[in-house]
Engineer: 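Below: one structure in structure tokens.
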Amino acid sequence: MAINIERVDTWIVDIPTIRPHVLSMTSISKQVMMLVFVTCSDGITGMGEGTTIGGLSYSDESPEGMKLAIDRYCEPLLRGRDARVPAAAMAVVRQHVVGNHFAKNALETALLDAAAKRAGLPLSELLGGRVRGHLPVLWTLASGDTNRDIDEAEAMIESGRHNVFKLKIGKRALRDDIAHVAAIKRALGERASLRVDVNQAWDEPQALRGAKMLADAGADLIEQPLPRGNRAGLRRLARRSPLPIMADEVLHGPVDALDIAQIGGAQAFSVKPAQAGGLFAAGQMAAIASAAHIGIYGGTMLEGAIGTMASAQLFSTFDALEWGTELFGPLLQSESILATPLAYRDFGLELPDSPGLGIALDMEKTRRFRRDEPVRTVVGPRAKEES
Ligand code: MUC
Ligand code: MG
């Protein structure tokens, strides 16, 4: 019996964060998620998520843009297609839709969630099978205040939730950023490991100086110090830095991963399904990293529970995960929209055994956070009149 894709629905959901989250390029106080629901003719619905950081501040897709891309362009391509073959459905989307990696990842996740539910298997089984049921998860200290960050880290260590921390730097002067890192390392000592994410904010001379100072301050790793366009700089820095360099924003899928591996531009990759354009593309990046002896890190776009669990299902299949994961996105949100919240314990995340993503939404709660207003596309003088 044929099983078809009957409809694709997209929702925008806004959830406040537990505190302001300060990055080099923006500060956020809410997370905006684009949720996608793929309903199949056998009654099974798969879920996916596309979430960005600060609208268009971090990446070239916004949740509103993803909704538009899926509603207007992807849904007509998918409706009526065989729901049992996600790879074939996604091949059609890729043939007609250029770029739009976050939207494609959300769709692929929903198709795979539905397929795994139909098979009665956890999604990880469709991706090759789990080699671990518990993923180490770090926490990002990014309140913008050193003492608040120290208190936050102390509470995390005490409660057994996290003992690896990533510090967001690059917004302040180099000297101030290093003082911030050094103060946190002094306070936490050997009880915690610290790394930094500069989110592209430095130029090459600053990065070289910063790398030396961060090594002295006791940090372990530097994530994406240079703008993503400066690949030659990344290569030079990866050779000269006393600390390993992790590539993040420069990696928009397997082609970038191969290039950075070939030029020796990083010692570690942050693997993000959304940035890669899907779970399979992210898996290919991990394969390239392994082949090139580059360490793997399970990255996040600060997704909520759906995106986080999709990434977790994939990362659980990775043989090597040298730098752990940062799948803490749902913990940054002030409310869970799940019927049963994710299980964070023992400095990590437990993977559920139930079919598909292994999670269920509390639909009433999700509806409460749903934003219903239409996407406005008015620009120029009329925009003024309408505001
Ligand atoms: C990034 O650049 O890695 C991950 C953690 C966090 O706070 O921001 C994200 C994005
Ligand atoms: Mg990063």
Side-chain angles (χ1 to χ4, degrees), residues 15 17-33 49-61 63 101-102 105 135-144 148-149 152-153 156 162 164-171 177 180-181 184 194-202 207 214 219-228 234 243-252 256-257 260 265-276 282 285 295-304 307-308 311-312 315 323-333 344 349:
I15 310 253
T17 56
I18 53 172
R19 57 151 167 75
H21 198 67
V22 184
L23 296 86
S24 66
M25 86 304 283
T26 190
S27 300
I28 57 168
S29 53
K30 65 175 177 182
Q31 261 315 61
V32 184
M33 305 183 286
E49 176 185 337
T51 290
T52 68
I53 299 173
L56 284 168
S57 301
Y58 188 101
S59 44
D60 52 12
E61 279 171 85
H101 281 192
F102 285 61
N105 175 56
L135 294 170
V137 178
L138 66 60
W139 179 255
T140 295
L141 298 169
S143 73
R148 187 168 174 187
D149 283 355
E152 203 171 284
M156 299 290 181
H162 311 275
V164 180
F165 299 98
K166 166 160 133 174
L167 277 51
K168 289 291 195 183
I169 62 170
K171 194 181 169 79
D177 268 341
H180 168 73
V181 177
I184 295 178
L194 293 196
R195 59 187 76 161
V196 301
D197 190 352
V198 190
N199 285 119
Q200 317 183 66
W202 288 343
L214 284 166
D220 295 338
L221 169 119
I222 309 173
E223 186 172 333
Q224 195 69 48
L226 300 178
R228 59 182 283 243
L234 214 49
L243 293 178
I245 301 297
M246 181 183 282
D248 178 7
E249 284 93 325
V250 68
L251 300 174
H252 284 225
D256 291 325
I260 295 298
Q267 285 87 11
F269 281 179
S270 176
V271 175
K272 294 179 171 176
Q275 218 161 242
M285 286 175 57
I296 298 174
Y297 177 53
T300 181
M301 288 307 304
L302 301 181
E303 286 103 344
T308 294
S311 295
F315 300 159
W323 292 94
T325 81
E326 56 180 10
L327 292 177
F328 68 90
L331 299 170
L332 190 62
Q333 299 184 346
Y344 286 94
L349 172 64

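Computed from a predicted model, the values in this text were never measured in an experiment. Ligands are counted one by one from 1 in listed order, and the atoms in each one are counted from 1 as well.
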Engineer: Distance alone, cut at 3.5 Å: any donor-acceptor contact between the side chains of Glu49 and Thr51?
Structural biologist: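 On atom types as modelled, these side chains qualify, holding a pair under 3.5 Å.
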Engineer: Please indicate how many protein N/O/S atoms are found closer than 2.8 Å to the Mg ion (ligand 2), with waters neither displayed nor included.
Structural biologist: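 Excluding waters, the total comes to 3.
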Engineer: Between ligand 1 and Gln224, can you find any atom pair, the residue atom being a heavy atom, that is separated by under 4.0 Å?
Structural biologist: no
Engineer: If the cut-off is 4.0 Å to any non-hydrogen atom of Asp248, which atoms of ligand 1 fall inside it?
Structural biologist: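 Reading through ligand 1 atom by atom, the close ones are 1 (C), 2 (O), 3 (O).
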Engineer: Under 4.0 Å from any heavy atom of Lys272, which atoms of ligand 1 are there?
Structural biologist: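 In order of numbering, the contacting atoms are 1 (C), 2 (O), 3 (O), 10 (C).
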Engineer: Would you say the side chain of Gln224 lies within less than 4.5 Å of the side chain of Asn199, judging by non-hydrogen atoms?
Structural biologist: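 Sidechains of Gln224 and Asn199: no contact.
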Engineer: Does the side chain of Val164 come within less than 4.5 Å of Asp220's, by heavy atoms?
Structural biologist: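 No, too far: nothing below the 4.5 Å cut-off.
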Engineer: How close does the nearest protein non-hydrogen atom get to atom 4 (C) of ligand 1, and which residue and atom is it?
Structural biologist: Glu326 OE2, 3.3 Å
Engineer: What is the minimum heavy-atom distance between Gln200 and Arg228, and which atoms define it?
Structural biologist: OE1-N, 2.8 Å
Engineer: If you count the atoms of ligand 1 from 1 in the order shown, which ones are under 4.0 Å from a heavy atom of Glu223?
Structural biologist: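 Listed by number with element, the hits are 3 (O).
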Engineer: With Leu138, which of Tyr297, Trp323, Phe165 fulfils side-chain contact (heavy atoms from CB on, under 4.5 Å)?
Structural biologist: Tyr297
Engineer: Between Ala282 and Pro273, which heavy-atom pair has the shortest distance, and what is it?
Structural biologist: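 Smallest heavy-atom distance, with atoms named: CB-CA, 3.7 Å.
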Engineer: Please list the nearest protein heavy atom to atom 7 (O) of ligand 1 with its residue and the distance rounded to 0.1 Å.
Structural biologist: His21 NE2, 2.7 Å
Engineer: Counting non-hydrogen protein atoms only, what is the nearest one to atom 3 (O) of ligand 1? Give residue, atom name and distance.
Structural biologist: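 Scanning the protein heavy atoms, the shortest distance from atom 3 (O) of ligand 1 goes to Lys166 NZ, 2.9 Å.
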Engineer: Testing the basics here: between Thr26 and Gly54, what is the closest heavy-atom pair and its distance to 0.1 Å?
Structural biologist: CG2-CA, 4.4 Å
Engineer: Do Met156 and Leu331 have side chains that approach each other closer than 4.5 Å (heavy atoms only, starting at C-beta)?
Structural biologist: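 When only atoms from C-beta onward are counted, Leu331 and Met156 do not touch, as no gap falls below 4.5 Å.
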Engineer: Output the list of atoms in ligand 1 that are nearer than 4.0 Å to some heavy atom of Ile53, sorted by atom number.
Structural biologist: 8 (O), 9 (C), 10 (C)
Engineer: Any side-chain heavy atom of Phe269 within less than 4.5 Å of one from Asp256?
Structural biologist: no
Engineer: State, to 0.1 Å, how close Pro225 and Ile245 come at their nearest heavy-atom pair, and which atoms those are.
Structural biologist: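 That closest heavy-atom pairing would be CD-CG2, 4.0 Å.
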Engineer: Checking a contact table here: which protein heavy atom is nearest atom 6 (C) of ligand 1, and how many Å away?
Structural biologist: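 Here the nearest protein heavy atom works out to Lys168 CE, 3.3 Å.
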Engineer: Check whether any side-chain heavy atom of Lys272 sits under 4.5 Å from a side-chain heavy atom of Leu251, and report yes or no.
Structural biologist: no
Engineer: Check each heavy atom of Met25 against ligand 1 and say whether those closer than 4.0 Å belong to the side chain, the backbone, both or neither.
Structural biologist: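 For Met25, there is no contact with ligand 1 at all, from either part.
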Engineer: Are Val137 and Phe328 packed together at the side-chain level, in the sense that at least one heavy-atom pair is separated by less than 4.5 angstrom?
Structural biologist: yes
Engineer: Any idea which part of Thr300 is under 4.0 Å from ligand 1, heavy-atom wise: side chain, backbone, both or neither?
Structural biologist: both
Engineer: Looking at Leu302, which atoms of ligand 1 are within less than 4.0 Å of one of its heavy atoms?
Structural biologist: 5 (C), 6 (C), 7 (O), 8 (O)
